[in-house]
Participant: 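Here you go, one structure.
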Amino acid sequence: MTAVAGKRIVLGVSGGIAAYKAVEVCRLLVDDGAHVIPVLTKGATRFVGRTTFDALASEPVRMSLFDDDDPIPHTTLGQTADCIVVAPATARVIGAYAAGISSDLLTATLIATRAPVVVCPAMHTEMWEHPAVAHNIATLAARGVHVVGPESGRLAGGDEGAGRLSPPAEIVAAVARVLAPDRSAQDMAGPDRSAGDMAGPDRSAQDMAGLSVVVTAGGTREPIDPVRYIGNRSSGKQGYAFAEEAAGRGADVTVVTTVDRPAPPGATVVRVDTAEEMAAATTRAAAAADLVVMAAAVADFRPVEAADAKLKKRDGVPEIRLEPTPDILATLGAAKPEGQILVGFAAETCDVAANAATKLRGKGADYIVANDVTADNAGFVHDTNEVLVLACDGRIHPIGLRSKRQVAHAVLNLVVADRNADDRVDSQEKQ
Ligand code: CTP
């Protein structure tokens, strides 16, 4: 039995070519024991017939705010739903929902609910990347709406790009995760109630006992000569916050760090300086790790040669040739042992969600914790942070401004909850 069994799920279907895949979402949810009520927009019926949903769902299709026995169908649907999933969600529905405009039964139901909402966008790449759509998605994510996908791949018309609806099985798995009983209360809260706060209850329980965790922290230093180096502004505070949080929850922690700072009691500390040293130490430690958190700010370039002696002013301005460093996260992502969870970071100065999504895919991470390092009180040096967590199944979780320890707490809540949910699915499949 999965977490959707026995739940009332409103399946919103809007008008895009991917509407035909919503039929499969409906069937999978019903197969898993959910009570599915399809709500179609007028546009959806241009792509898929309502008879198909009538035959597969638990209740007949609803479409109208007015031609229903129930005089207020949107309130009834919104109030009684355990979850609303919109698949596919078009740019129009996303825009209306973000703006609070209720022009049809689906958008009215979305606004009338306090249940968790899962939105699965599907549209052409140009539309998905339009700043208005990106802004609306960020608005919804910041309100606690779970955004799943889209994926990149072949689109209607034959072109390739981002905008494809996530596979139905992934959508259903995301709904199950949202409904899983051990989700923290705040994470489960419906849209717009908690601004996506995932801090949740105090998990002082040793819920990471037995897990081996590797955390990298600080900025690497790439030597130019014995006294100078190329570095960055990273303080290592966020990495140490992860190490402290994981150790506090019972994990066996190794910190690979460039920073001289006391590590949590019991943690193993590996002190490094350069990207090369960090790559070697992290790869070694990660071989047997359950979770790797790449919080370090690794230099992307290093001098091809470091001078043996201090470069003297009298010899003129040196020309320093640079070469790329190894990408540690990408290397780990490419050779990830089964079951290992890889958390990367993305330090951005613009287009945070889009750049982070590219890193998530490109580096083979399971999660990317992304932040705008130019934002007030967030990023390098500060004691506080404000991040978006992108999961590899397309979910985006915003974590509002709070201490770096609380950010680590919220991210680890998510990772541990997902891991437990996956373990449950594995053991059900084996039975
Ligand atoms: N990272 C890494 N090895 C590198 C560079 C980065 O392992 N040589 C990791 C970081 O620890 C972080 C993630 O990759 O978890 C993203 O780092 P970031 O600096 O945001 O991105 P870059 O890959 O450097 O890309 P860009 O400079 O284009 O933003």
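Just so you know, ligand 1 is whichever comes first in the structure, and atom 1 is the first atom listed for that ligand.
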Participant: Which heavy-atom pair separates K7 from D82 by the least distance, and what is that distance?
Facilitator: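 It is CA-OD2, 3.4 Å.
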Participant: Is K21 paired with E24 through a side-chain N to carboxylate O contact shorter than 4.0 Å?
Facilitator: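 Answer for the salt bridge query: no.
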Participant: If we only count N/O pairs under 3.5 Å, is I328 in contact with ligand 1?
Facilitator: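 Yes, I328 has an N/O under 3.5 Å of an N/O on ligand 1.
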Participant: Measure the distance from atom 5 (C) of ligand 1 to every protein heavy atom, then report the residue, atom name and distance (to 0.1 Å) of the closest one.
Facilitator: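 Protein heavy atom at minimum distance: D300 OD1, 3.2 Å.
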Participant: Under 3.5 Å, is there a donor-acceptor pair between the D104 and T107 side chains?
Facilitator: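 There is such a pair (donor and acceptor under 3.5 Å, judged by atom type) between the side chains of D104 and T107.
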Participant: Are there over 12 heavy-atom neighbours, none belonging to D308, within less than 6.0 Å of that residue's CG?
Facilitator: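 No, because the 6.0 Å sphere around CG of D308 holds 12 heavy atoms or fewer from other groups.
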Participant: Would you say CZ of R46 has more than 12 non-hydrogen atoms from neighbouring residues, nucleotides or ligands within 6.0 angstrom?
Facilitator: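 Not buried by this count: 12 neighbours or fewer within 6.0 Å.
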Participant: Any nitrogen or oxygen of A330, main chain or side chain, under 3.5 Å from a nitrogen or oxygen of ligand 1?
Facilitator: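 There is no such contact.
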Participant: Can you tell me if T274 and Y229 form a side-chain donor-acceptor pair at under 3.5 Å?
Facilitator: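 No, no side-chain donor-acceptor pair sits under 3.5 Å.
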Participant: Report, in ascending order of atom number, the atoms of ligand 1 lying under 4.0 Å from any heavy atom of A299.
Facilitator: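 Reading through ligand 1 atom by atom, the close ones are 8 (N).
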Participant: Below the 3.5 angstrom mark, is there an N/O of A295, backbone or side chain, next to an N/O of ligand 1?
Facilitator: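 For ligand 1, there is no N or O atom that lies under 3.5 Å from one belonging to A295.
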Participant: Return a yes/no value for A346: is any of its N or O atoms, backbone included, closer than 3.5 angstrom to an N or O of ligand 1?
Facilitator: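 There is no such contact.
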Participant: May I ask which of M294, K359, K363 has a heavy atom nearer to atom 20 (O) of ligand 1 than the others do?
Facilitator: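 The option holding the nearest heavy atom is K359.
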Participant: So, for atom 27 (O) of ligand 1, does the protein have a heavy atom nearer than 4.0 Å?
Facilitator: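 Yes, because at least one protein heavy atom sits under 4.0 Å from atom 27 (O) of ligand 1.
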Participant: Heavy-atom contact under 4.0 Å between A275 and ligand 1?
Facilitator: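 Per 4.0 Å heavy-atom rule, A275 does not contact ligand 1.
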Participant: Start with the C-alpha distance between I341 and R419, add both sets of side-chain angles, then the distance that settles side chain to side chain contact (heavy atoms under 4.5 Å, CB included), and finish with yes or no.
Facilitator: CA-CA 9 Å; I341 300 167; R419 187 174 184 272; 3.7 Å; yes
Participant: When only distance counts, is P326 in polar contact with ligand 1, meaning an N/O pair under 3.5 Å?
Facilitator: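 Min N/O separation from ligand 1 is below 3.5 Å for P326.
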Participant: Measure from atom 10 (C) of ligand 1 to every heavy atom in G344, A296, A365, P324 and give the option owning the shortest one.
Facilitator: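 The residue whose heavy atom sits nearest atom 10 (C) of ligand 1 is A296.
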Participant: Which residue owns the protein heavy atom closest to atom 7 (O) of ligand 1, what's the atom, and how far is it?
Facilitator: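 Nearest protein contact, heavy atoms only, for atom 7 (O) of ligand 1 is L329 N, 2.7 Å.
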Participant: May I ask you to identify the nearest protein heavy atom to atom 16 (C) of ligand 1, giving residue, atom name and distance to one decimal place in Å?
Facilitator: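 The answer is F345 O, 2.8 Å.
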Participant: Locate the shortest heavy-atom distance separating A275 from A299; write the atom from each residue and the value.
Facilitator: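 The answer is CB-O, 4.2 Å.
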Participant: Could you name the option among L360, D327, V373 that has the heavy atom nearest to atom 2 (C) of ligand 1?
Facilitator: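 Among L360, D327, V373, the closest heavy atom to atom 2 (C) of ligand 1 belongs to D327.
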Participant: How far apart are the C-alpha atoms of H146 and H397, what are their side-chain angles, what is the distance that settles it, and do they pass the ring pair (Phe, Tyr, Trp, His ring centres under 6.0 Å) test?
Facilitator: CA-CA 7 Å; H146 304 266; H397 298 269; 5.7 Å; yes
Participant: Just which atoms of ligand 1 are under 4.0 Å from any heavy atom in T325?
Facilitator: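 What qualifies from ligand 1 is 8 (N).
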Participant: Backbone N or O of E126 within a donor-acceptor pair of the E129 side chain at under 3.5 Å?
Facilitator: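 Not at all, since once roles are kept as given, no pair shorter than 3.5 Å links the two residues.
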